[in-house]
Colleague: 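Just dropping this structure here.
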Amino acid sequence: MAKAPVLTPQADDFPRWYQDLINKAELADNGPVRGTMVIRPYGYGLWERMQQEMDARIKKAGAQNAYFPMFIPQSYLTKEAEHVEGFAPELAVVTHGGGKELDEPIVVRPTSETIINEYFSKWVQSHRDLPLLINQWANVVRWELRPRVFLRTTEFLWQEGHTAHATYEDAHAYASMIHTDVYGDFMTNVLGIDVVLGRKTAKERFAGAINTLTLEGMMGDGKALQMGTSHELGQNFAKAFNTTYQLQGAEREYVWQTSWGVSTRMVGGLIMSHGDDNGLRVPPRLAAVQAVVLAIKGDDAVLAKVREIGAQLEAAGIRVVVDDRTDTPFGRRAVDWELKGVPLRIEVGPRDLENGTAMLARRIPGGKEPVSIDGLAALLPGILDEDQALLLRQSRERREARTVEVKNLDEAVEAAATGWGRISWAELGAEGEAKLAEQGVSVRCIVAADGSVPATDDQEGNVAIVARAY
RNA sequence: CGGGGUGUGGCGCAGUUUGGUAGCGCGUCCGCUUUGGGAGCGGAAGGCCGUCGGUUCGAAUCCGGUCACCCCGACCA
């Protein structure tokens with residue numbers, strides 16, 4: 001009789017599969033407080049690699065890292081009307097400190113536009129102080145009503161960029177550059193997720209923004225996940241916090257601002273984009289462990305060989321781990337590495353040594369074949385590149401196969417049952433959007449006829465992408 | 001907040017209808033044999049049954065309160 005599957009198959013129950021995978025691949029545990037999570041070392045390793053890749057791109061975009069407090073005076077939140085309305089329901093508020101009730105309650109940041117603007121208004125005086133480009137890596141808290149590990153947790157980790165510019169055009173261009181060159185590039189080329197870049201509708205816009213740019217990924221079950229956003233804030237916060245600069249002449253002008261963020265939600269997106277019934281599949285460029293060299297048995301010749309191979313691969317620039325835990329049966333270890341999604345396994349036993357070969361198991365396309373041990377260091381980089389490209393291609397093929405053109409609301413709802421629908425935005429409009437919302441279907445974003453990001457919602461030929469979302 | 005559900009060793013569950021002092025699988029520990037796909041056999045440890053109160057000779061089980069968590073909706077990176 002066959003053993004029970006390691007994970008609940010995706011086709012049986014996708015949410016259950018997701019939970020099983022998070023547990024068995026040791027990515028995270030639920031925290032003791034509702035909606036919180038403990039990120040375990042392997043899961044945190046995925047986040048750390050995301051941080052490294054993102055941080056390099058953010059710095060290349062000219063932003064500098066800084067850190068602002070997590071405690072914000074409640075009065076700050078109320079300065080921007082739409083912002084407070086948007087976030088008030090999900091705030092965690094500290095009312096006591098040092099055993100006494102506080103004079104003014106303190107809000108645990110749900111996002112930092114307010115406190116950062118308080119300081120921007122001090123730091124920005126002259127046009128020479130602009131643009132001001134700041135990023136911070138931080139935790140934020142939002143009291144979500146329905147938490148899900150990595151996708152929507154009460155506390156999550158993210159980066160939030162905040163910038164101030166002299167003109168609308170500068171701010172607009174910067175938000176757009178972050179959208180494509182930082183986020184789009186990272187998600188496509190590192191995560192291997194074929195995200196769609198577009199604009200949010202007025203309904204879906206960030207509280208306090210004049211424009212929200214989004215990156216939407218299609219998950220394995222056809223639902224959409226908002227992977228990141230870049231906002232144009234216009235002068236809304238500048239007016240609320242009186243952030244002005246002096247032009248060449250004597251007159252003062254409000255700054256134009258942007259904010260943008262991606263979070264640990266991307267870990268959830270990674271799992272649901274690339275995972276299969278055997279576990280996670282980590283794109284090689286992201287993987288903290290790109291290859292594991294696995295000793296099948298614990299005899300001295302085998303152990304010496306796996307260590308030697310490990311050293312060679314490391315010298316060749318591959319991120320490698322040697323698994324010589326031969327007190328654990330081979331099958332157990334193979335399954336565990338598969339669950340964790342390590343792209344390549346090099347399996348070495350006594351039989352292989354006789355032939356000068358090893359078994360190379362590829363997690364991403366699947367399959368296993370013998371390869372020459374001496375040729376490994378030269379062979380693997382190319383294979384890692386192939387597998388990186390394969391994940392992106394599979395992601396794109398799924399999105400294309402499960403996206404259909406639709407003409408009316410009924411067809412849109414039907415399309416959203418299995419994937420995404422594309423419908424003319426001019427025909428759908430805000431009214432159609434509201435009707436879709438009643439059925440749990442939302443407009444994920446608006447794209448231009450040629451697939452680019454449109455400058456305005458009502459540009460000729462704009463298409464709304466509609467779907468169910470996490 | 002509306003609707004549904006569940007709290008029993010680390011994890012997953014049975015036992016509750018018909019009160020009699022707690023059991024199974026996985027995991028853990030020890031020993032031997034194993035290691036080419038989730039090991040086998042033998043032995044062992046581990047639970048005042050979410051919590052407070054009531055009924056009873058006796059409560060995981062019946063009654064009442066309370067807390068927590070999960071699932072489905074509205075909100076969101």
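Naming convention: chains lettered A, B, ... in sequence-line order (proteins, then strands); numbering from 1 in each chain.
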Colleague: Rounded to the nearest angstrom, tell me the gap between atom CZ in A:R444 and atom P in B:rA77.
Modeller: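 Taking CZ of A:R444 and P of B:rA77, I get 9 Å after rounding.
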Colleague: Is the closest side-chain donor-acceptor distance between A:W137 and A:D55 under 3.5 Å?
Modeller: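 Distance-only check passes for A:W137 and A:D55.
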Colleague: Work out how far the C1' atom of B:rC71 is from that of B:rG31, and round it to whole angstrom.
Modeller: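 Their C1' atoms lie roughly 45 Å apart.
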Colleague: Going by heavy atoms closer than 4.0 Å, what residues in residues 281-302 of chain A are next to RNA chain B?
Modeller: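 Nucleic-acid contacts, sorted: A:I296, A:K297.
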Colleague: Want to settle it: does A:L151 or A:P329 sit nearer the 5' end of RNA chain B, counting the closest nucleotide to each?
Modeller: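 Upstream on the strand: A:P329.
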Colleague: A:R148 has an atom CZ; how far is it from atom P of B:rC75, in whole Å?
Modeller: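 After rounding, the reported distance stands at 16 Å.
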Colleague: Pairing donors with acceptors under 3.5 angstrom, does anything connect the side chains of A:R16 and A:Q19?
Modeller: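 Not at all, the side chains of A:R16 and A:Q19 share no donor-acceptor pair under 3.5 Å.
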Colleague: Return the set of residues passing ring pair (Phe, Tyr, Trp, His ring centres under 6.0 Å) with A:W260 (not counting sequence neighbours), or none when no residue passes.
Modeller: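 A:W260 satisfies ring pair (Phe, Tyr, Trp, His ring centres under 6.0 Å) with no residue once adjacent residues are dropped.
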Colleague: Per the salt bridge (Lys or Arg N to Asp or Glu O under 4.0 Å) rule, what does the pair list look like for residues 277-298 of chain A, sequence neighbours excluded?
Modeller: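 Checked against salt bridge (Lys or Arg N to Asp or Glu O under 4.0 Å) - neighbours excluded - no pair reaches residues 277-298 of chain A.
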Colleague: Can you find a donor-acceptor pair, distance only, under 3.5 Å between A:K368 side chain and B:rG37 base?
Modeller: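 Per atom types, the contact qualifies.
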Colleague: Is a side-chain donor-acceptor pair under 3.5 Å present for A:S442 with A:R444?
Modeller: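 A:R444 vs A:S442: donor-acceptor pair found between side chains.
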Colleague: Charged N to carboxylate O below 4.0 Å: is that the case for A:E308 and A:K305?
Modeller: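 Result for this pair is yes, salt bridge flagged.
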Colleague: When you check the side-chain N and O atoms of A:H83 and A:E85, is any donor under 3.5 Å from an acceptor?
Modeller: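 Short answer, no.
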Colleague: What is the separation between atom CD on A:E144 and atom C1' on B:rG73, rounded to the nearest whole Å?
Modeller: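 Spelled out: CD on A:E144 to C1' on B:rG73 is 15 Å.
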Colleague: Considering only B:rA77, B:rU35, B:rG27, which nucleotide approaches the side chain of A:R332 most closely?
Modeller: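 Of all the options, the side chain of A:R332 is nearest to B:rG27.
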Colleague: Can you see whether A:N23 engages A:Y18 through a side-chain donor-acceptor pair at a distance of less than 3.5 angstrom?
Modeller: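 A:Y18 and A:N23 do not have a side-chain donor-acceptor pair below 3.5 Å.
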Colleague: In whole Å, measure the gap between the C1' atoms of B:rC29 and B:rC75 for me.
Modeller: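 That atom pair is separated by 48 Å.
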Colleague: Dot-bracket, 5' to 3', for RNA chain B please: Watson-Crick or G-U pairs under 3.5 Å, [ ] where pairs cross earlier ones, | where the partner sits on another strand, dots elsewhere.
Modeller: ((((((((.[[[[.)....(..]]]].((((((.....)))))).....[[[[[..)....]]]]])))))))....
Colleague: Just how far, in rounded Å, is C1' of B:rG12 from CD1 of A:I22?
Modeller: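 The answer, rounded to whole Å, is 18 Å.
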Colleague: I'd like to know if A:R265 reaches the base of B:rC76 with its side chain such that a donor and an acceptor end up less than 3.5 angstrom apart.
Modeller: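 Checked by distance alone, the answer is yes.
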Colleague: Using atom P of each nucleotide, how far apart are B:rU18 and B:rC13 to the nearest Å?
Modeller: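 Going atom to atom, P in each nucleotide, I get 26 Å.
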Colleague: When the nearest nucleotide of RNA chain B is assigned to A:T264 and to A:R325 on a heavy-atom basis, which residue is associated with the more 5' position?
Modeller: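 Residue closer to the 5' terminus by nearest nucleotide: A:R325.
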Colleague: If I pick the C1' atom on B:rG36 and the same atom on B:rU28, what distance separates them, to the nearest angstrom?
Modeller: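 So the two C1' atoms sit 28 Å from each other.
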Colleague: Mind checking the C1' distance from B:rG7 to B:rU16? Whole angstroms is fine.
Modeller: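 It works out to 13 Å between them.
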Colleague: Report yes if the ring of A:W158 lies under 5.5 Å from the six-membered base ring of B:rA77 with planes under 30°, and no otherwise.
Modeller: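 Here the ring of A:W158 and the base of B:rA77 are not stacked, as the 5.5 Å and 30° limits are not both satisfied.
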Colleague: What's the gap between B:rC57 and B:rG19 when it is taken at their C1' atoms, as a whole Å value?
Modeller: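 Result for the C1' pair: 12 Å, nearest Å.
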Colleague: Using a heavy-atom distance cut-off of less than 4.0 Å, which residues of residues 349-367 of chain A contact RNA chain B?
Modeller: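 Output list: A:G349, A:P350, A:R351, A:D352, A:M359.
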Colleague: Does any N or O donor sit under 3.5 Å from an N or O acceptor when you compare the side chain of A:R142 with the base of B:rC76?
Modeller: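 Counting by modelled atom types and ignoring angles, no donor-acceptor contact under 3.5 Å is found here.
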Colleague: Should the ring pair A:F237 and A:F241 be called parallel, tilted or perpendicular, given that the plane angle runs from 0 to 90° and is split at 30 and 60?
Modeller: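 Answer is parallel, since the angle falls under 30°.
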Colleague: Is A:K79 salt-bridged to A:E118, going by a charged N under 4.0 Å from an acidic O?
Modeller: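 A salt bridge links A:K79 with A:E118.
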Colleague: Starting at atom CZ of A:R468, determine the distance to atom P of B:rG73, rounded to an integer number of angstrom.
Modeller: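 Taking CZ of A:R468 and P of B:rG73, I get 8 Å after rounding.
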Colleague: With side chain to side chain donor-acceptor pair (under 3.5 Å) as the rule and sequence neighbours excluded, what pairs involving residues 353-363 of chain A come up?
Modeller: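 Listed once each, the pairs are A:D276-A:R363, A:R362-A:E386, A:R362-A:D387.
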Colleague: Whether the side chain of A:K203 engages the backbone of A:A430 through a donor-acceptor N/O pair (distance < 3.5 Å, no angle test) should be reported.
Modeller: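 A pair under 3.5 Å: no.
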Colleague: What contact category does A:T153 fall into here, base, sugar-phosphate, or nothing, at under 4.0 angstrom with non-hydrogen atoms?
Modeller: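 The answer is base, as A:T153 lies within the cut-off (heavy atoms under 4.0 Å) of a base atom.
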Colleague: For A:R396, which residues count as a side chain to side chain contact (heavy atoms under 4.5 Å, CB included) partner, sequence neighbours excluded?
Modeller: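 A:D194, A:R393, A:R399, A:E400.
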Colleague: Starting at atom CG of A:D327, determine the distance to atom P of B:rU28, rounded to an integer number of angstrom.
Modeller: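 That distance rounds to 11 Å.
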Colleague: Check if the side chain of A:R333 and the base of B:rG36 share a donor-acceptor pair of N or O atoms closer than 3.5 Å.
Modeller: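 Result: no qualifying N/O pair found.
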Colleague: Between A:D324 and A:R307, does any side-chain N to carboxylate O distance fall below 4.0 Å?
Modeller: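 Salt bridge present between A:D324 and A:R307.
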Colleague: Determine the contact category for A:V335: base if any of its heavy atoms lies under 4.0 Å from a base atom, sugar-phosphate if only primed atoms, P, OP1 or OP2 are that close, otherwise nothing.
Modeller: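 If one applies the 4.0 Å heavy-atom cut-off, A:V335 turns out to touch a base.
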Colleague: Hey, can you pull the residues of residues 177-216 of chain A with a non-hydrogen atom under 4.0 angstrom from RNA chain B?
Modeller: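 Result for residues 177-216 of chain A: none.
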Colleague: Quickly work out the A:D29 CG to B:rG10 P distance and round it to whole Å.
Modeller: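 Distance check: A:D29 CG to B:rG10 P gives 14 Å.
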Colleague: Could you check whether A:T36 and A:T154, counting side-chain N and O atoms only, form a donor-acceptor pair closer than 3.5 Å?
Modeller: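 Side chains of A:T154 and A:T36: no pair found under 3.5 Å.
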Colleague: How close or far is atom C1' of B:rC26 from atom CG of A:L7, stated in whole angstroms?
Modeller: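 Interatomic distance, CG of A:L7 to C1' of B:rC26: 16 Å.
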Colleague: Listing request: all salt bridge (Lys or Arg N to Asp or Glu O under 4.0 Å) pairs with a residue in residues 328-339 of chain A, at least two apart in sequence or in separate chains.
Modeller: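 Counting only pairs at least two positions apart or across chains, the salt bridge (Lys or Arg N to Asp or Glu O under 4.0 Å) contacts touching residues 328-339 of chain A are A:D323-A:R333, A:E338-A:R345.
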Colleague: Taking A:E53's backbone N and O only, do any of them form a donor-acceptor pair with A:R57's side chain (distance below 3.5 Å, no angle check)?
Modeller: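 Yes; at least one donor-acceptor contact below 3.5 Å.
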Colleague: Using a heavy-atom distance cut-off of less than 4.0 Å, which residues of residues 78-86 of chain A contact RNA chain B?
Modeller: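 Residues of residues 78-86 of chain A under 4.0 Å from RNA chain B: none.
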Colleague: For the rings on A:Y174 and A:H165, is their centre-to-centre separation under 6.0 Å?
Modeller: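 Aromatic pair counts; centres sit under 6.0 Å.
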Colleague: With heavy-atom distances below 4.5 Å as the criterion, would you say the side chains of A:L233 and A:S259 are in contact?
Modeller: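 Of all side-chain heavy-atom pairs linking A:S259 with A:L233, at least one is under 4.5 Å.
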Colleague: Categorize A:E338 for me: base, sugar-phosphate, or nothing, with a 4.0 angstrom heavy-atom threshold over every strand shown.
Modeller: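 Result for A:E338 = base.
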Colleague: Determine all donor-acceptor pairs shorter than 3.5 Å in which one atom belongs to a side chain in residues 206-215 of chain A; sequence neighbours excluded.
Modeller:
residue, atom, partner, partner atom, Å
A:N211, OD1, A:R199, NH1, 3.4
A:N211, ND2, A:E232, OE2, 2.9
A:T212, OG1, A:F206, N, 3.1
A:T212, OG1, A:H231, ND1, 2.8
A:T214, OG1, A:E216, OE2, 2.7

Colleague: Could you run down the sub-3.5 Å N/O contacts of the protein with nucleotides 1-5 of chain B?
Modeller:
none

Colleague: Mark yes or no for whether A:H162, through its side chain, and A:Q136, through its backbone, hold a donor-acceptor pair below 3.5 Å.
Modeller: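 No; judged by distance alone, with no hydrogens or angles, the pair does not exist.
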Colleague: Using atom P in both nucleotides, what's the gap between B:rU34 and B:rC41 to the nearest angstrom?
Modeller: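 The answer is 16 Å between these two P atoms.
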Colleague: With rounding to the closest Å, how many angstrom separate the P atoms on B:rG27 and B:rG64?
Modeller: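 Per the computed distance, 41 Å lies between those P atoms.
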